[in-house]
J.: 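Provided herewith is a single structure, encoded as structure tokens, for subsequent inquiry.
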Amino acid sequence: MSDRDAGQSGGSAGARAATVSDIHELMRRKEEIEAQIKANYDVLEGQKGVGMNEPLVDLEGYPRADVDLYQVRTARHNIICLQNDHKEVMKQVEAALHQLHAHDKEKQARDLAEAHKEAMSRRLSHSGGHSLPQAFARVNSISPGSPASIAGLQVDDEIVEFGSVNTQNFQSLHNISSVVQHSEGRPLNVTVVRRGERHQLRLVPTRWAGKGLLGCNIIPLQR
């Protein structure tokens, strides 16, 4: 198969998504064509330095006797054909690179959408498939080594259940304080919402080196 036929057959790759191997093959063909163009220019250089435009007749209009006219004409013809093939291959390279780039962007978008979908699915599974309950208080500070820290409470946790206190019966922080005072040394079930996910904790109000039985500060949320 000639180089021109090879260049034309490469157009069929445009009917499907371009791959890295397609681009490698096009680049290989491009380098082959460039090597053949150089070889034909070398032929012209060997003929008294005749290029693509120098006249092939002498001052009297007779064919020049100092060059091989057949070789010069053949080389010039080959160069013109090969240059056209080169332009075509370069168009195919550009189109293949554009396709490959677009394919990568589509894949990234699909991967991002699937990751988001998976995260939402996990969030729903953590919340039991239902909407998260409304919080009535928030943790805004925790002392290291305190009962609250040991239980796993974190700053900005939103409290939806603290022992017997929940959204329906919460009136003030006195409700939480009362539960804590009557539960010293006994575990309390505490439910919090953290970064959109529901967490169940066991908190044991205990006297420790710091102040209070919890070692954390809780503030009410506006309802």
Side-chain angles (χ1 to χ4, degrees), residues 1-47 49-56 68 70-135 138-139 152 154-158 160 192-200:
M1 181 170 64
S2 70
D3 289 306
R4 296 195 69 184
D5 292 335
Q8 292 168 357
S9 67
S12 62
R16 57 178 174 81
T19 64
V20 174
S21 60
D22 291 332
I23 294 174
H24 286 168
E25 174 61 23
L26 289 169
M27 295 303 294
R28 184 193 63 78
R29 190 178 305 142
K30 165 185 169 290
E31 291 170 359
E32 284 183 355
I33 293 173
E34 289 172 349
Q36 291 181 23
I37 290 174
K38 182 180 182 303
N40 279 276
Y41 270 114
D42 288 343
V43 170
L44 295 181
E45 184 64 26
Q47 294 293 325
V50 172
M52 293 293 291
N53 301 311
E54 285 75 10
L56 298 182
D68 186 325
Y70 176 78
Q71 277 196 347
V72 170
R73 290 193 177 106
T74 301
R76 286 180 173 179
H77 174 75
N78 288 342
I79 288 171
I80 292 172
C81 292
L82 289 165
Q83 285 176 337
N84 289 334
D85 291 343
H86 188 268
K87 289 179 182 177
E88 180 62 27
V89 168
M90 291 306 297
K91 288 180 182 178
Q92 293 175 16
V93 169
E94 183 179 359
L97 287 172
H98 179 75
Q99 274 192 1
L100 191 63
H101 179 66
H103 176 73
D104 287 344
K105 287 185 67 176
E106 289 176 1
K107 183 178 184 301
Q108 289 176 2
R110 286 197 304 270
D111 291 345
L112 185 62
E114 288 188 8
H116 179 70
K117 182 179 179 181
E118 183 178 354
M120 291 299 294
S121 176
R122 287 180 180 176
R123 182 173 297 179
L124 287 173
S125 66
H126 279 296
S127 63
H130 303 289
S131 60
L132 294 172
Q134 185 179 7
R138 179 172 62 84
V139 179
Q154 296 182 12
V155 173
D156 288 334
D157 279 355
E158 295 188 349
V160 298
V192 301
V193 173
R194 180 183 303 158
R195 291 186 288 276
E197 295 182 355
R198 183 172 178 167
H199 295 268
Q200 297 277 357

J.: Are side-chain heavy atoms of Leu56 and Val50 found at a separation under 4.5 Å?
T.: yes

J.: Measure the CG-CD distance between Asp156 and Glu158 for me, rounded to the nearest 0.5 Å.
T.: 8.0 Å

J.: Are the side chains of His101 and Lys105 in contact, using a 4.5 Å heavy-atom criterion?
T.: yes

J.: Taking atom NZ of Lys30 as the centre, report whether more than 12 heavy atoms of other residues, nucleotides or ligands fall under 6.0 Å from it.
T.: yes

J.: Using side-chain contact (heavy atoms from CB on, under 4.5 Å) as the criterion, list what pairs up with Asp68, not counting sequence neighbours.
T.: Gln47, Tyr70, Gln71

J.: Can you find a heavy atom in the side chain of Arg195 that is under 4.5 Å from one in the side chain of Gln154?
T.: yes

J.: Charged N to carboxylate O under 4.0 angstrom, Lys38 versus Glu34?
T.: no

J.: About how many Å separate CD of Glu106 and CD of Gln99, when rounded to the nearest 0.5 Å?
T.: 10.0 Å

J.: Does the pair Arg29/Glu25 count as a salt bridge with the N-to-O cut at 4.0 Å?
T.: yes

J.: Ignoring hydrogens, what is the shortest heavy-atom contact between Ile33 and Leu82? Give both atom names and the distance.
T.: CG2-O, 3.4 Å

J.: Give, for atom OG1 of Thr19 and atom NE2 of His24, the distance between the pair rounded to the nearest 0.5 Å.
T.: 9.0 Å

J.: Where is the tightest heavy-atom contact between Val43 and Ala75, given as atom of each residue plus distance?
T.: CG1-CB, 4.0 Å

J.: For Val160 and Ala135, which heavy atoms make the closest approach, and how far apart are they?
T.: CG1-CA, 3.6 Å

J.: Is any side-chain heavy atom of Val89 closer than 4.5 Å to one of Glu32?
T.: no

J.: Could you check if a side-chain atom of Leu44 sits within less than 4.5 angstrom of a side-chain atom of Met52, using non-hydrogen atoms only?
T.: yes

J.: Are more than 12 heavy atoms from other residues, nucleotides or ligands located less than 6.0 Å from atom CD of Glu94?
T.: no

J.: Rounded at 0.5 Å granularity, tell me how far CD in Gln83 sits from CD in Glu88.
T.: 14.5 Å

J.: Are any of the side-chain heavy atoms of Val139 and Val192 separated by less than 4.5 Å?
T.: no

J.: Measuring from atom CD1 of Ile37 to atom CG of Asp42, what distance do you get when rounded to the nearest 0.5 angstrom?
T.: 12.0 Å

J.: Measuring from His86:NE2 to Glu31:CD, what's the distance to the nearest 0.5 Å?
T.: 9.5 Å

